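What follows is a short report on a single structure.
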2 protein chains.
Amino acid sequence: MSSLRDVAERAQVAVSTVSAALNGTRPVAAATKRRIEQAAAELGYRPNLLARGLQSKRTRILALLFPTPAGGFGHTEMLFATGAAEAAKELGYHLLLSPESADPVDELRHLTGLGLVDGVLLMEVRLDDERTEFLSAAGVPFAMIGRTREPDAIDHADIDFAATARDAVAHVAGLGHRELAFFNLSPGRYAESYGPAARMAGEFATAAREAGLGYADGFRPGSAEEGRQAFERLMAERPGVTALAVADDHAAAGVLAGVAARGWRVPEDLTLVLVLSSARAAAMFHPSLTTLEPPSAELGRLGARMLIDRLQGDGPPRQRLVPCRLVPGGSSGPPRAGS
Amino acid sequence: MSSLRDVAERAQVAVSTVSAALNGTRPVAAATKRRIEQAAAELGYRPNLLARGLQSKRTRILALLFPTPAGGFGHTEMLFATGAAEAAKELGYHLLLSPESADPVDELRHLTGLGLVDGVLLMEVRLDDERTEFLSAAGVPFAMIGRTREPDAIDHADIDFAATARDAVAHVAGLGHRELAFFNLSPGRYAESYGPAARMAGEFATAAREAGLGYADGFRPGSAEEGRQAFERLMAERPGVTALAVADDHAAAGVLAGVAARGWRVPEDLTLVLVLSSARAAAMFHPSLTTLEPPSAELGRLGARMLIDRLQGDGPPRQRLVPCRLVPGGSSGPPRAGS
DNA sequence: GGAGGTTGTCGAAACGTTTCGCACAACCTA
DNA sequence: TAGGTTGTGCGAAACGTTTCGACAACCTCC
């Protein structure tokens with residue numbers, strides 16, 4: 001690779017002048033600048049990021065820390081990563097994919113000690129997350145996709161759960177439903193402290209109350225079989241429920257089985273709405289399910305942008321909440337007659 | 001951060017001695033070494049990757065180039081990335097996630113010119129891929145997940161399509177089926193030159209012939225609706241078919257709808273097998289589908305390892321083929337009576 | 001007892017940038 | 001004409017490593 005020195009020689013100027021001309025860091029006479037730019041182009045000069053980073057203490061590399069949940073990564077998480085990578089690239093940054101080990105804090109200590117990354121993007125943030133404490137204490141700039149229990153002091157992008165729940169409730173209320181139930185994510189797959197599960201439950205209850213709808217929750221099926229059982233129990237306990245929102249794909253499949261087992265059909269006898277699931281997944285059901293699709297790529301992009309903004313200048317921490325997108329499917333309809 | 005010089009001062013030795021002691025790059029007296037190590041530990045010394053890379057021309061950073069298909073990224077592709085990142089980490093490397101723009105070659109030129117990465121991992125490789133030519137010409141070490149038309153000269157990890165097809169055929173033949181059909185990926189979602197689609201079709205035909213099974217293909221439904229139509233056409237043309245392998249999830253959903261529309265059931269009247277789809281997706285169907293799950297994470301790991309091996313020393317190009325894993329579901333059964 | 005080898009350490013150069021103080025000429029102003 | 005002000009460019013130092021030749025001290029063997 002050609003270096004700054006090669007360019008300087010070819011343009012007959014000093015190395016420092018080339019640097020100044022190429023970076024616009026201080027004024028360079030127009031003629032000289034043109035000569036330098038031409039020499040650089042002819043040599044196909046590319047600045048060496050390592051040298052630049054070593055000197056300037058800024059690498060323009062971001063790390064995306066991702067956990068490896070036992071169940072594997074979902075489509076949603078993938079989109080965080082690709083969205084963040086794309087936004088980073090647009091702004092001239094690179095994204096390092098950093099798997100989290102058993103000890104995330106130690107991992108972070110290592111990663112940030114290397115001098116390789118300018119900032120860290122955290123995902124799968126828990127309500128109480130030790131990583132944020134470490135990063136704050138270490139003075140490493142970071143942003144979150146998701147949020148902790150007390151997130152106001154930290155840049156973050158997250159789902160607007162309140163708006164999402166309101167949209168979902170408005171959707172079924174608009175169809176005429178008067179009683180709604182919600183099946184949350186299973187406690188097995190996500191611990192209690194998993195933000196989305198906790199927040200979604202709360203916001204659904206609030207939205208249903210405000211809309212004057214009957215509301216049932218407390219079910220947390222994590223598989224098709226559990227979904228079927230939960231549905232049967234729900235129908236036994238609350239026979240008036242005509243609309244059901246489900247957070248787990250597999251559980252939704254079980255609900256459909258339960259519906260069929262009763263001789264019922266969707267959407268005639270039950271309106272079924274998926275929550276936090278991609279339209280892609282929702283389209284694989286029969287009938288296709290209405291879903292509230294999380295804005296994952298968007299959140300990834302926002303997270304990366306916030307982090308980069310933070311690196312470039314400061315200001316008060318910012319937070320962006322984005323609601324899920326309601327994608328209507330064939331599973332929404334008016335409430336069944338006789339309820 | 002503390003530097004090598006800080007450690008040297010504290011241990012009362014020269015900087016170069018610290019470097020030697022810590023890297024084992026040349027012998028250092030045991031006592032000195034111990035003193036140095038202690039000083040390093042006390043200061044929490046971490047080598048600066050940038051400085052090291054600048055000097056040694058080796059950054060231990062790999063780039064994973066990923067395209068952003070219009071349809072979005074699948075679970076499969078995600079696992080390539082996480083698998084590769086994990087393997088890289090285990091071997092002391094880092095993985096840079098690099099989104100591909102409209103002009104992948106220019107992208108590569110840029111990326112490799114930065115001096116930031118030691119090697120490149122390519123995924124979504126096409127049968128004729130301009131990226132491989134560029135990288136070979138530029139002398140940049142790389143490996144592929146997937147393979148080109150003539151892959152023998154390049155390190156790569158890919159699915160063993162032949163074994164996968166044989167396993168699938170053996171599975172249905174073992175259940176007693178005598179006639180099999182295959183619905184490939186749609187030409188819309190993947191161009192003709194997409195390797196997996198091309199190879200899978202060929203290997204299925206071969207495996208069926210070798211097993212003495214009747215075989216039908218040429219269908220390429222890309223959506224639920226197309227899947228239903230293809231199924232109806234298949235039944236009209238080849239009423240003797242009792243087993244069907246489908247590569248597209250959505251198409252499979254359509255097939256299930258078509259089966260139901262005929263008053264048939266799975267698996268009693270049709271054995272349905274998913275190909276190249278995750279067990280997770282297969283479990284969302286009702287009944288759950290038998291699937292040939294691609295070893296995506298494994299391929300990602302293998303790709304990263306191969307690339308790292310290549311960086312550390314040379315040898316002949318290596319290739320690893322891994323078959324899909326057959327995950328039995330509720331959609332496999334003996335052929336329907338009367339066929 | 002000196003030639004030759006071995007062992008352990010040091011200092012300096014190099015990697016490719018950025019940054020900063022300084023030199024120098026040209027030009028303006030009083 | 002002396003003194004100040006711009007505009008432009010140069011050279012050197014610094015960032016934190018690795019690498020390599022030099023060299024002192026010690027051991028070994030004739």
Side-chain angles (χ1 to χ4, degrees), chain A residues 1-37 39-40 43-61 92 94 110 112-118 311-312, chain B residues 1-37 39-40 43-61 92 94 110-118 312:
Chain A
M1 258 345 263
S2 52
S3 77
L4 220 40
R5 210 170 63 178
D6 301 328
V7 179
E9 262 173 32
R10 181 173 255 259
Q12 305 271 42
V13 292
V15 170
S16 57
T17 307
V18 180
S19 174
L22 261 25
N23 296 318
T25 203
R26 51 181 52 217
V28 170
T32 317
K33 185 167 178 179
R34 214 172 25 249
R35 218 171 54 221
I36 289 172
E37 279 167 351
L43 290 171
Y45 169 75
R46 307 254 168 226
N48 182 309
L49 282 192
L50 297 178
R52 176 176 286 181
L54 179 59
Q55 161 64 28
S56 66
K57 305 281 190 194
R58 306 252 338 257
T59 61
R60 300 178 80 88
I61 299 178
H94 293 269
H110 181 78
T112 58
L114 261 23
L116 186 58
V117 304
D118 286 347
L311 290 171
Q312 312 212 320
Chain B
M1 262 343 267
S2 51
S3 76
L4 219 41
R5 209 171 62 177
D6 301 328
V7 180
E9 261 172 33
R10 183 174 255 258
Q12 303 273 41
V13 292
V15 171
S16 57
T17 307
V18 179
S19 174
L22 259 27
N23 297 317
T25 203
R26 50 182 52 218
V28 170
T32 316
K33 184 167 180 181
R34 212 171 30 247
R35 219 170 52 223
I36 290 173
E37 278 165 352
L43 290 170
Y45 168 75
R46 307 254 171 227
N48 181 309
L49 246 38
L50 296 178
R52 174 176 288 179
L54 180 60
Q55 161 65 28
S56 66
K57 305 280 188 196
R58 303 256 335 258
T59 61
R60 298 179 81 88
I61 299 178
H94 294 270
H110 181 80
L111 186 66
T112 56
L114 262 22
L116 186 59
V117 305
D118 285 349
Q312 311 212 320

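Computed from a predicted structure; not experimentally measured.
Nucleotide C/dG8 holds its C1' atom 12 Å from the CZ atom of B/Arg35, rounded to whole Å. One can place CZ of A/Arg46 at 16 Å from P of C/dG16, the figure rounded to the nearest angstrom. For the pair A/Arg60 CZ and C/dT17 P, the interatomic distance rounds to 16 Å; values are reported in whole Å. In this structure, the CZ atom of B/Arg52 is 18 Å from the P atom of C/dG16, given to the nearest Å. Distance CG (B/Leu49) to P (D/dC15): 19 Å, rounded to an integer number of Å. With rounding to whole Å, B/Asn23 atom CG is found 15 Å from D/dC20 atom C1'. D/dT17 atom C1' lies 7 Å from atom OH of B/Tyr45, rounded to whole Å. Rounded to whole Å, atom P of D/dT18 lies 16 Å from atom CZ of B/Arg5.
Side-chain N/O atoms of A/Ser19 include one lying less than 4.0 angstrom from OP1 or OP2 on C/dT18.
Checking C/dT9, D/dC10, D/dT17 against every side-chain atom of A/Val13, the shortest atom distance belongs to D/dC10. When the nucleotides D/dG21, C/dC15, D/dT17 are ranked by their closest atom to the side chain of B/Lys57, C/dC15 comes out on top. Picking from C/dT17, D/dG9, D/dT18 the nucleotide with the shortest atom distance to the side chain of A/Ala29 gives D/dG9. Among the nucleotides D/dG11, C/dT18, D/dT19, the one closest to any side-chain atom of B/Thr25 is D/dT19. Nearest to the side chain of A/Gln55, among D/dC10, D/dG21, D/dC15, sits D/dC15. Considering only side-chain atoms of A/Ala14, the nucleotide from D/dG11, C/dT18, C/dG11 that sits closest is D/dG11. Among the nucleotides C/dT17, C/dT9, D/dT17, the one closest to the side chain of B/Thr17 is C/dT9. Closest to the side chain of B/Thr32, from the set D/dT18, C/dG8, C/dT18, is C/dG8.
Enclosure of atom CZ in B/Arg58 by more than 12 non-hydrogen atoms of other residues, nucleotides or ligands within 6.0 angstrom is indicated.
Between B/Leu49 and A/Leu116, the shortest heavy-atom distance links the atoms CD2-CD2, 3.8 Å. Shown here for A/Val13 and A/Arg35, the closest heavy-atom pair between the two residues is CG1-NH2, 3.2 Å. Nearest heavy-atom pair, A/Asp118 versus A/Leu311, reported as atom, atom and distance to 0.1 Å: O-CD2, 3.4 Å. In terms of heavy atoms, B/Gly115 sits closest to A/Leu50 at O-CD1, 3.5 Å. Across all their heavy atoms, A/His94 and B/Leu114 have their closest contact at NE2-CD2, 3.7 Å.
Backbone-only engagement by B/Pro47 is indicated by non-hydrogen atom pairs under 4.0 Å involving sugar-phosphate atoms exclusively. B/Ser3 comes within contact range of the sugar-phosphate backbone alone, with a heavy-atom separation under 4.0 Å but no base atom that close.
Nearer to the 5' terminus of DNA chain D, by closest-nucleotide assignment, is the contact made by B/Leu54 (compared with the other of B/Ala20 and B/Leu54). Nearest-nucleotide assignment on DNA chain D puts the 5′-proximal partner with B/Ala51, out of B/Ala51 and B/Arg26.
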